[in-house]
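Chain letters run A, B, ... following the sequence lines, proteins first, then strands; residues in each count from 1. Computation of the quantities below employed the complete heavy-atom set of this structure, encompassing side-chain atoms and omitting hydrogens, waters and symmetry-equivalent molecules. Here the structure is a predicted model, which means the values were calculated and not measured.
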2 protein chains.
Amino acid sequence: MIFSSELIKGTLKTILLKLLADNQKMYGYEITQRVKELTAGRIQLTEGALYPTLHALEEEGLVTTEVEYMGKRVRKYYRLSDTGMTRKDEKVNEFADFVATMKILLDIEVKPA
Amino acid sequence: MIFSSELIKGTLKTILLKLLADNQKMYGYEITQRVKELTAGRIQLTEGALYPTLHALEEEGLVTTEVEYMGKRVRKYYRLSDTGMTRKDEKVNEFADFVATMKILLDIEVKPA
DNA sequence: CAAAGATACATAAGACTTCGATGTATCAAA
DNA sequence: TTTGATACATCGAAGTCTTATGTATCTTTG
């Protein structure tokens with residue numbers, strides 16, 4: 001099952017911040033692949049959603065960027081800033097609380113990871 | 001903490017379907033109050049979001065409506081259809097799977113309800 | 001008894017986010 | 001050499017939610 005995009009809405013930034021917190025630096029394409037891999041294909045980030053969001057994180061000062069050349073190919077790395085790290089914690093905690101609340105509303109059991 | 005609206009995005013229909021599945025029939029204002037109560041105020045549905053969504057559910061054939069008068073006051077009750085019940089199960093399951101996936105991505109523990 | 005607050009419906013314009021399509025270009029493998 | 005993967009990115013369209021607004025009734029309180 002691939003999750004409906006509506007569900008992923010609102011969690012994209014959180015996912016990106018968490019990935020960058022765990023991996024020092026990542027580039028766009030790498031992120032799409034990592035997410036696909038970690039979720040067994042259930043979440044597939046589209047570039048149309050990913051790049052605008054990465055740029056927004058940069059504008060907010062949550063990530064910094066650095067360009068590297070692999071041969072002639074450009075690779076733009078994104079790295080979490082200190083503010084970004086703080087924001088990541090906030091976002092992840094907020095999501096955990098949200099899920100706890102939704103469990104009450106929907107009366108669901110969440111399978112352990 | 002009131003959850004950022006981004007988080008609630010994509011879950012509103014699921015919440016409504018579940019509430020209606022548990023309560024035979026409910027009216028709009030009642031729904032906003034019930035959700036507020038069940039979530040200790042953390043999720044506050046606005047009418048601008050609620051009514052369009054209820055109308056959409058009706059157009060999709062997932063709910064039926066009936067009008068009652070309390071004195072001179074109109075109350076519009078929403079009731080789940082059979083299709084709506086099926087859709088509710090699908091949506092709730094999808095959300096549960098989504099949360100399981102997000103747990104892996106975000107490496108979180110979800111507190112029991 | 002008047003005013004305020006709660007109950008109850010609803011719409012509409014604007015903002016924001018995401019999707020799907022499109023574009024460019026390099027590299028590797030068949 | 002051509003296909004598929006890698007890698008960046010933007011843009012118009014679509015969808016959803018927010019804020020504001022509108023109408024009207026009922027209840028409580030000063």
Side-chain angles (χ1 to χ4, degrees), chain A residues 2-17 19 23 25-37 41 43-60 62-79 91 98, chain B residues 2-17 19 25-37 41-60 62-63 65-79 91 95 98:
Chain A
I2 296 175
F3 298 120
S4 64
S5 59
E6 304 145 32
L7 268 185
I8 299 167
K9 280 180 192 176
T11 59
L12 181 52
K13 275 190 186 177
T14 310
I15 292 171
L16 297 182
L17 291 173
L19 274 181
N23 293 279
K25 60 176 185 176
M26 296 183 89
Y27 53 97
Y29 187 79
E30 187 185 9
I31 291 173
T32 64
Q33 297 313 106
R34 186 66 59 85
V35 169
K36 194 169 155 187
E37 175 198 322
I43 294 181
Q44 300 195 12
L45 302 185
T46 60
E47 290 157 311
L50 176 64
Y51 288 110
T53 304
L54 283 172
H55 299 162
L57 291 176
E58 192 179 4
E59 273 177 47
E60 290 176 60
L62 303 178
V63 303
T64 58
T65 60
E66 51 201 281
V67 170
E68 278 188 23
Y69 286 87
M70 313 298 290
K72 284 180 178 173
R73 213 144 152 194
V74 171
R75 210 177 251 183
K76 195 168 176 185
Y77 279 101
Y78 295 84
R79 188 189 295 270
K91 284 285 206 177
F98 174 67
Chain B
I2 296 175
F3 297 120
S4 65
S5 60
E6 306 146 31
L7 267 186
I8 300 167
K9 279 180 192 177
T11 59
L12 180 51
K13 276 191 185 177
T14 310
I15 292 170
L16 298 183
L17 291 174
L19 274 182
K25 61 176 186 177
M26 297 182 87
Y27 54 98
Y29 188 78
E30 186 185 11
I31 291 172
T32 65
Q33 296 313 107
R34 185 68 57 84
V35 168
K36 196 168 154 185
E37 176 197 323
R42 293 198 214 86
I43 295 181
Q44 300 195 14
L45 301 186
T46 58
E47 290 157 310
L50 176 65
Y51 288 111
T53 304
L54 284 172
H55 299 162
L57 291 176
E58 191 179 4
E59 273 177 47
E60 292 176 59
L62 303 178
V63 303
T65 61
E66 51 202 280
V67 171
E68 279 187 22
Y69 285 87
M70 314 297 291
K72 283 180 183 175
R73 212 144 151 193
V74 170
R75 210 177 251 185
K76 194 169 176 183
Y77 279 101
Y78 294 84
R79 188 189 293 272
K91 285 282 207 179
F95 185 79
F98 176 67

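- Within the 4.0 Å cut-off from OP1 or OP2 of dT18(C), at least one side-chain nitrogen or oxygen of T53(A) is found.
- As rounded to whole Å, 12 Å separates atom P of dT25(D) from atom OH of Y69(B).
- For the pair E30(A) CD and dC8(D) C1', the computed distance is 14 Å after rounding to whole Å.
- Taking atom CD1 on I15(B) and atom P on dC17(D), their separation rounds to 10 Å, with Å as the unit.
- The phosphate of dC9(C) has neither OP1 nor OP2 within less than 4.0 Å of any side-chain N or O from H55(B).
- Computed from coordinates, the I8(B) CD1 to dG15(D) C1' distance equals 18 Å when rounded to whole Å.
- Between the CG atom of L12(B) and the C1' atom of dG15(D) there is a distance of 14 Å, rounded to whole Å.
- Atom OH in Y51(B) sits about 16 Å away from atom P in dA12(C), given to the nearest Å.
- Salt bridge E60(B)/K13(B): present, at least one basic N to carboxylate O contact under 4.0 Å.
- Classification of R79(A) and E58(A) as a salt-bridged pair fails, no side-chain N sitting under 4.0 Å from a carboxylate O.
- Distances from the side chain of P52(A) to the nucleotides dC9(C), dA9(D), dT10(D) place dT10(D) closest.
- In this structure, the CD1 atom of I31(B) is 13 Å from the C1' atom of dC9(C), given to the nearest Å.
- A salt bridge does not link E30(B) to K76(B): none of the charged side-chain nitrogens sits closer than 4.0 Å to a carboxylate oxygen.
- Side-chain nitrogen and oxygen atoms of K76(B) include at least one within less than 4.0 Å of the OP1 or OP2 phosphate oxygen of dA10(C).
- When rounded to the nearest whole Å, the span between CE of M70(A) and C1' of dT26(C) equals 12 Å.
- Residue Y27(B) places at least one side-chain N or O closer than 4.0 Å to OP1 or OP2 of dA8(C).
- Between dA7(D) and R73(A), no contact under 4.0 Å exists linking OP1 or OP2 to a side-chain N or O.
- When the side chain to side chain donor-acceptor pair (under 3.5 Å) test is applied to T46(A), no partner is found at least two apart in sequence or on another chain.
- Close to dG20(C), at under 4.0 Å from its OP1 or OP2, lies no side-chain N or O of T46(A).
- Mapping G28(A) and G10(B) onto DNA chain D via the closest heavy atom, the residue that lands nearer the 5' end is G28(A).
- Along DNA chain C, the nucleotide nearest A49(B) and the nucleotide nearest G71(A) are compared for position; the residue whose nucleotide lies closer to the 5' end is A49(B).
- Residues F95(B) and L7(A) form a side-chain contact, since some pair of their non-hydrogen atoms from C-beta on lies under 4.5 Å apart.
- Looking at the side chain of E47(B), the nearest of the listed nucleotides dC8(D), dA10(C), dT18(C) is dA10(C).
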